[in-house]
Amino acid sequence: MKKTVYLAGLAWRQLRDDPGRASRLAVRLAARTPLGARLRRSRLVVPKPRDVRREIRDLRLLLSRPSPPATRRAVQGGDAAGEVGGVVLQFVTNALPLTNAGYTVRTHRIALAQREMGLDPHIVTRLGYPLSQGAGAARARVDVDGVAYHRLLSWLPQADPLDAVAKSADLAGRLVRELRPSVLHAVSNHLNAAVALELGRRHGLPVVYEVRGFLEDSWLSRDPAHSEDDEFYRLTRELETRRMAEADAVVTLGEAMRAEIASRGVPEEKIFTVPNGVDEAFLEPLPDASGLREELGIDRGATVVGLTSSFYGYEGIDTLIDAAALLRDRGSPVTLLLVGDGPERGALERRAAGHGVHAVFTGRVPMESVRRYHAVLDVFAVPRRADRVCQLVTPLKPIEAMAGGIPVIASDVKALREIVEPGVTGALTVPENPESWANCLEELAYSHERRQKIGRSAREWVAAERTWRAVTAGYRAAYRFAVSHGA
């Protein structure tokens with residue numbers, strides 16, 4: 001019953017966002033009912049996307065292989081106490097300079113901070129990346145700010161994921177022999193972990209797996225027809241959990257994520273939290289905003305509330321638009337500055353126009369320009385829904401805004417409670433409730449003195465605890481544990 005109510009609620013939100021989805025949602029939700037079980041099995045009525053079928057096949061193959069026995073040898077660059085030094089070989093999905101996203105920025109900033117700590121990080125991207133970007137991208141190594149990025153280039157596609165893992169380990173094995181790393185550090189998802197674990201087995205090296213999100217829960221949140229009973233969800237969760245268990249240590253981004261990982265049977269003592277941080281340049285005074293305000297068509301005296309985000313349904317931007325409409329009706333209008341892009345953008349633009357809300361959609365902006373847009377804001381909003389993925393995963397964007405002294409209003413979900421202390425570094429309010437959001441925005445947006453006080457406190461907190469230099473020290477504990485407790 002609870003699942004039916006959840007699916008119905010999620011379907012209503014997506015239909016409300018974009019009425020054009022009505023026919024597709026109706027068919028797919030009907031197929032989720034008991035009476036629709038036979039209909040659901042019909043590929044003519046409810047086809048499974050080809051890529052999901054292929055991924056399910058691949059997940060089955062990966063799970064069919066039992067966990068190999070681990071062998072460990074003396075760690076290069078370490079000492080008898082388990083302290084790690086020297087080279088850290090990190091395995092990631094994509095990377096700078098070709099892919100600019102929160103994932104790749106975190107990877108790079110951590111590498112820079114680790115260099116300051118005396119480590120020598122080298123980044124290895126997934127097999128074949130980035131050949132799809134064109135021939136000019138087919139270099140085996142690029143350096144960004146002095147950090148080495150190595151690419152595993154295979155000109156022939158692998159037949160299945162087991163072959164891809166083996167081929168990746170073959171190619172990366174040359175780096176292991178050349179660089180002699182002290183620890184292998186894999187970053188989400190499970191495929192990167194599989195490669196690191198295979199290399200760990202072959203070369204007797206400790207493996208740390210960094211879980212930056214839960215792939216299955218992100219997938220679940222993007223379509224009301226998705227269910228925790230779906231094979232893709234179950235297999236992905238099982239495979240991710242297996243990789244966490246196989247690694248010598250696990251790193252994650254926040255306490256909600258740490259609790260989730262522990263609930264899967266991973267020993268708590270081997271889970272380490274290294275939260276998101278910011279480059280210290282974010283702590284510098286924000287640039288003058290007058291020129292950009294004029295360029296964006298925002299009046300000099302307007303109160304501006306906004307965000308930088310990917311436009312997915314679970315971000316809850318529809319709630320923010322509805323709250324702005326309520327404020328307009330109360331005679332306390334705000335201008336929305338919505339920086340970013342994604343599949344929900346069209347629906348959000350139509351929603352704002354239909355409500356008569358002044359909303360400026362900028363599309364994606366270069367990373368180096370983000371602080372110019374921060375400077376326009378009076379309040380930074382994080383209106384995430386109460387979906388499972390939002391309860392667990394802590395975002396980076398509000399921390400960047402807080403570093404600039406911008407007060408944050410966020411949905412009261414577990415992950416956001418970790419970075420927003422009500423009345424001190426920001427405010428929390430009820431997710432998916434436009435009236436609560438309107439009340440909270442009105443109280444903060446129109447109180448200049450309170451905004452200034454909260455903004456200063458937020459900046460001080462980030463400066464003390466959430467710079468990349470501060471958070472990256474947590475990796476040493478994870479590496480020491482991996483070295484000392486590896487089989």
Side-chain angles (χ1 to χ4, degrees), residues 278 281-309 316-317 319-339 352 355-360 362 369-384 397-412 416-417 419-430 433-464 466:
V278 298
F282 275 87
L283 295 167
E284 297 175 0
L286 291 170
D288 179 72
S290 55
L292 183 56
R293 274 191 173 234
E294 183 177 353
E295 181 183 327
L296 296 172
I298 298 174
D299 292 341
R300 182 183 298 272
T303 299
V304 184
V305 176
L307 49 78
T308 57
S309 178
I317 302 172
T319 299
L320 183 62
I321 292 172
D322 291 353
L326 290 175
L327 288 175
R328 181 208 57 218
D329 293 344
R330 295 178 186 178
S332 304
V334 296
T335 293
L336 298 183
L337 177 58
L338 306 176
V339 180
H355 286 338
V357 169
H358 184 205
V360 179
T362 67
S369 299
V370 166
R371 299 188 78 245
R372 291 184 64 226
Y373 290 85
H374 282 172
V376 177
L377 297 175
D378 295 297
V379 175
F380 190 94
V382 192
R384 286 189 158 191
K397 301 301 184 184
I399 300 174
E400 293 177 342
M402 293 164 79
I406 304 170
V408 169
I409 297 179
S411 293
D412 190 2
L416 291 170
R417 289 178 210 138
I419 61 174
V420 176
E421 183 178 356
V424 180
T425 60
L428 295 173
T429 192
V430 183
N433 187 317
E435 185 171 0
S436 293
W437 267 87
N439 294 340
C440 196
L441 283 169
E442 189 171 27
E443 181 180 350
L444 185 58
Y446 284 90
S447 175
H448 178 77
E449 182 178 345
R450 188 160 179 259
R451 288 204 319 267
Q452 293 291 99
K453 181 179 178 181
I454 288 176
R456 282 194 301 269
S457 295
R459 183 183 182 281
E460 290 168 1
W461 175 74
V462 173
R466 290 302 178 93

Could you report the tightest heavy-atom contact between Trp437 and Ala323, atom names first, then the distance? CB-CB, 3.7 Å
State, to 0.1 Å, how close Ala352 and Ala359 come at their nearest heavy-atom pair, and which atoms those are. CB-CB, 3.9 Å
Is the shortest side-chain heavy-atom distance between Val379 and Val334 below 4.5 Å? no
Is a donor on one side and an acceptor on the other found under 3.5 Å between the side chain of Arg293 and the backbone of Ile298? no
Under 3.5 Å donor-acceptor, Asp299 side chain and Gly301 backbone: no
Identify the heavy atoms of Ala403 and Val462 that sit nearest to each other, and give their distance. CB-CG1, 3.8 Å
CG (Leu444) and CZ (Arg451) are apart, to the nearest 0.5 Å, by 7.0 Å
Once you round to the nearest 0.5 Å, how far does CG of Leu296 lie from CG of Leu337? 6.0 Å
Around Glu449, counting heavy atoms of other residues, nucleotides and ligands shown, do more than 12 lie under 6.0 Å from its CD? no
List the atom of Ile454, the atom of Gly423, and the distance in Å for their closest heavy-atom pair. CG1-O, 4.2 Å
In Å, rounded to the nearest 0.5 Å, how long is the span from CG of Leu292 to NE2 of His374? 12.0 Å
A side-chain contact here means heavy atoms from C-beta on lying under 4.5 Å apart; do Leu307 and Leu320 qualify? yes
Nearest-0.5 Å distance, CD1 of residue Ile399 to OG1 of residue Thr425: 10.5 Å
Does Leu286 form a side chain to side chain contact (heavy atoms under 4.5 Å, CB included) with Ile406? I'd like the steps, not just the answer. CA-CA 10 Å; Leu286 291 170; Ile406 304 170; 4.2 Å; yes
Hey, what do you get for OG1 (Thr303) to OH (Tyr446), rounding to the nearest 0.5 Å? 4.0 Å
Criterion side chain to side chain contact (heavy atoms under 4.5 Å, CB included) on Arg330 and Asn439, from CA distance to verdict: CA-CA 10 Å; Arg330 295 178 186 178; Asn439 294 340; 2.8 Å; yes
When you compare the side chain of Phe380 with that of Lys397, does any pair of heavy atoms fall below 4.5 Å? yes
Closest non-hydrogen atom pair, Ala324 against Val357: CB-CG1, 3.8 Å
Scan Ile317, Thr308, Val360 and name whichever one has a side-chain contact (heavy atoms from CB on, under 4.5 Å) with Leu338. Ile317
Value for CG (Asp288) from CZ (Arg372), rounded to nearest 0.5 Å, stands at 10.0 Å
Work out which heavy atom in Gly306 is nearest to a heavy atom in Leu377; give both atom names and the distance. N-CD2, 3.5 Å
Please check this pair: side chain of Arg459 against backbone of Leu283, looking for a donor-acceptor N/O pair closer than 3.5 Å. yes
Do Glu421 and Trp461 have side chains that get closer than 4.5 Å, going by heavy atoms? no
Arg466 side chain near Val278 side chain, heavy-atom distance below 4.5 Å: no
Check whether any side-chain N or O of Asp378 sits under 3.5 Å from a backbone N or O of Val305 as a donor-acceptor pair, and report yes or no. no
Kindly indicate whether the side chain of Pro398, heavy atoms from C-beta on, has any atom under 4.5 Å from the side chain of Val420. no
